[in-house]
There are 2 protein chains.
Amino acid sequence: MKNSPDSPTKHAETPSTSKQASRQRLQDDPCSVARALSDVGDWWSLLIVRQAMYGTRRYVDFQQQLGIAKNILGDRLSRLVENEVLKKVDVGEHGQRFEYRLTPKGKDLFTVLVALRQWGDRWNRRDDEAPLRMVDRRLGQPLQNIQVLDAEGQPVGINDVLSLPR
Amino acid sequence: MKNSPDSPTKHAETPSTSKQASRQRLQDDPCSVARALSDVGDWWSLLIVRQAMYGTRRYVDFQQQLGIAKNILGDRLSRLVENEVLKKVDVGEHGQRFEYRLTPKGKDLFTVLVALRQWGDRWNRRDDEAPLRMVDRRLGQPLQNIQVLDAEGQPVGINDVLSLPR
DNA sequence: GCAATCTGGTTTCATTTAGAAACCTTAGTC
DNA sequence: GACTAAGGTTTCTAAATGAAACCAGATTGC
């Protein structure tokens, strides 16, 4: 309850300079992890990409399958298009029809999503759920666990790497 | 679920039932990707984990290195502890000293972070930046690109897998 | 012994964002 | 020409974020 005797001003002398959101600040971060997160680092974006990988392409389908508010979905889709993770394709024949399809950049998130899924399966498994559901088309068998490998193909963990400071 | 077309009230007859945030709803999602995101799916959590992998352990260091507001940092750290990604260790000898260290679950996010970093390096590269900085300790050479492999070790892409619906 | 300092927070308040529902627009369909 | 569907935008409220102020326990400095 002590009020310091000097500063009478409440706070915030410079309310500007904050640009916009974390996204903006991450966008120019020197670390590529931060920049990756500025593309897909919020609650919904990766879920939209996951859904796209399952084959979802249309606005209404994303909306219903994810249970996301329409305005937020619109915002996320346009940001993903802007960041070239999705592309918006006009397939209008009868009625207004657009499809949001994964770009190569978006498809390349496959690795990230599989890594995240496997991590979730390892550590947040739920007993009422089968642990794996993704199988490859050729063999019909579960995928291998994703690993980080060194130049010779040996698996490495967090303690085996040096992050050379720039 | 659907509101019958008569109700003339503006909106929100039941302002409750929304629990809290997306986190809460994702927590019980049947998809492990969603549950993984409920642990580390916001703007800051993965950056905190990344920083922890670089060796950061103390509150003030996280705060300064990430430029995160202290209240947000406190919230994220306690949530990460709650989700068993970090553990809070009292190392108090002189003064108040705590360390936030990665748990095995947290260390296992290494794969996800490397996947994300490599994706960022591939698609959001900045010209003023060396493309890779992580080398393994044993060979001193860059790591391999992370791949998704089938049971026989062949790389598979998004179009080569079937996601068996549960 | 007492003020200054360091660490690790919590509180307060203004700004942003998310979310729900209503509304709008274009284009078929009946 | 009314109705429906897709694909949004607008409006409004609730919640999260962020900056700075404040606080408390222990330690050093004197």
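Reckoned from all heavy atoms, side chains included, excluding hydrogens, waters and symmetry mates. On a predicted model such as this, the values are computed, not experimentally measured, just so you know. In what follows, chains are A, B, ... by sequence order, proteins preceding strands, each numbered from 1.
When distances are taken from the side chain of A:Val60 to each of C:dG9, D:dG7, C:dA18, the shortest belongs to D:dG7. With C:dG9, D:dT17, C:dT7 as the choices, the nucleotide that has an atom nearest any side-chain atom of B:Arg76 turns out to be D:dT17. Of the candidates D:dG7, C:dG8, C:dA18, the closest approach to any side-chain atom of A:Lys70 belongs to D:dG7. Nearest to the side chain of A:Ala69, among C:dA20, D:dG7, D:dG18, sits C:dA20. Of the candidates C:dG9, D:dT9, D:dG18, D:dT9 carries the atom nearest the A:Tyr59 side chain, counting heavy atoms from C-beta on.
Between the CD1 atom of A:Ile72 and the C1' atom of D:dA14 there is a distance of 12 Å, given to the nearest Å. Here D:dG25 presents its P atom at 13 Å from CZ of B:Phe98, a figure rounded to the nearest Å. Atom pair A:Gln63:CD and D:dG8:C1' shows a separation of 11 Å (rounding to whole Å applied). Distance, B:Asp42 CG to D:dA15 P: 18 Å, rounded to whole Å. In this structure, B:Leu73 atom CG and D:dG18 atom C1' are separated by 13 Å, rounded to whole Å. The distance between atom CG of B:Asp61 and atom P of C:dG8, rounded to the nearest whole Å, is 8 Å. The CZ-C1' distance, from B:Arg79 to D:dA16, rounds to 11 Å in whole Å. Between B:Arg57 atom CZ and C:dG8 atom C1' the separation is 18 Å, expressed in whole Å.
Under 4.0 angstrom from either OP1 or OP2 of D:dT17 there lies no side-chain N or O belonging to B:Trp44. For the OP1/OP2 pair of D:dA6 and a distance below 4.0 Å, the side-chain nitrogens and oxygens of A:Tyr100 include no atom meeting the criterion. Considering only side-chain N and O atoms, A:Trp43 lies nowhere under 4.0 angstrom from the phosphate OP1 or OP2 of C:dT17. When the side-chain nitrogen and oxygen atoms of B:Lys88 are compared with OP1 and OP2 of C:dG9, one or more of them lie within a distance under 4.0 Å. For the pair B:Arg97 and C:dG8, the criterion of a side-chain N or O lying under 4.0 Å from OP1 or OP2 is not met.
The only member of B:Arg35, B:Lys105, B:Gln27 that meets side chain to side chain donor-acceptor pair (under 3.5 Å) when paired with A:Asn124 is B:Lys105.
When the side chain to side chain donor-acceptor pair (under 3.5 Å) test is applied to A:Gln65, the partners found at least two apart in sequence or on another chain are A:Gln51, A:Thr56.
No donor-acceptor contact under 3.5 angstrom links the side chains of B:Asp42 and A:Trp43, judged on distance only.
With DNA chain D read from its 5' end, the first of the two nearest nucleotides for A:Asn71 and A:Glu99 is the one closest to A:Glu99.
Geometrically, A:Lys88 does not engage A:Tyr100 in a cation-pi contact defined by less than 6.0 Å to the ring centre and at most 45° from the axis.
A donor-acceptor pair under 3.5 Å is formed between the side chain of B:Asp160 and the backbone N or O of B:Gly157.
Across all strands shown, A:Phe62 has no heavy atoms under 4.0 Å from either base or sugar-phosphate atoms.
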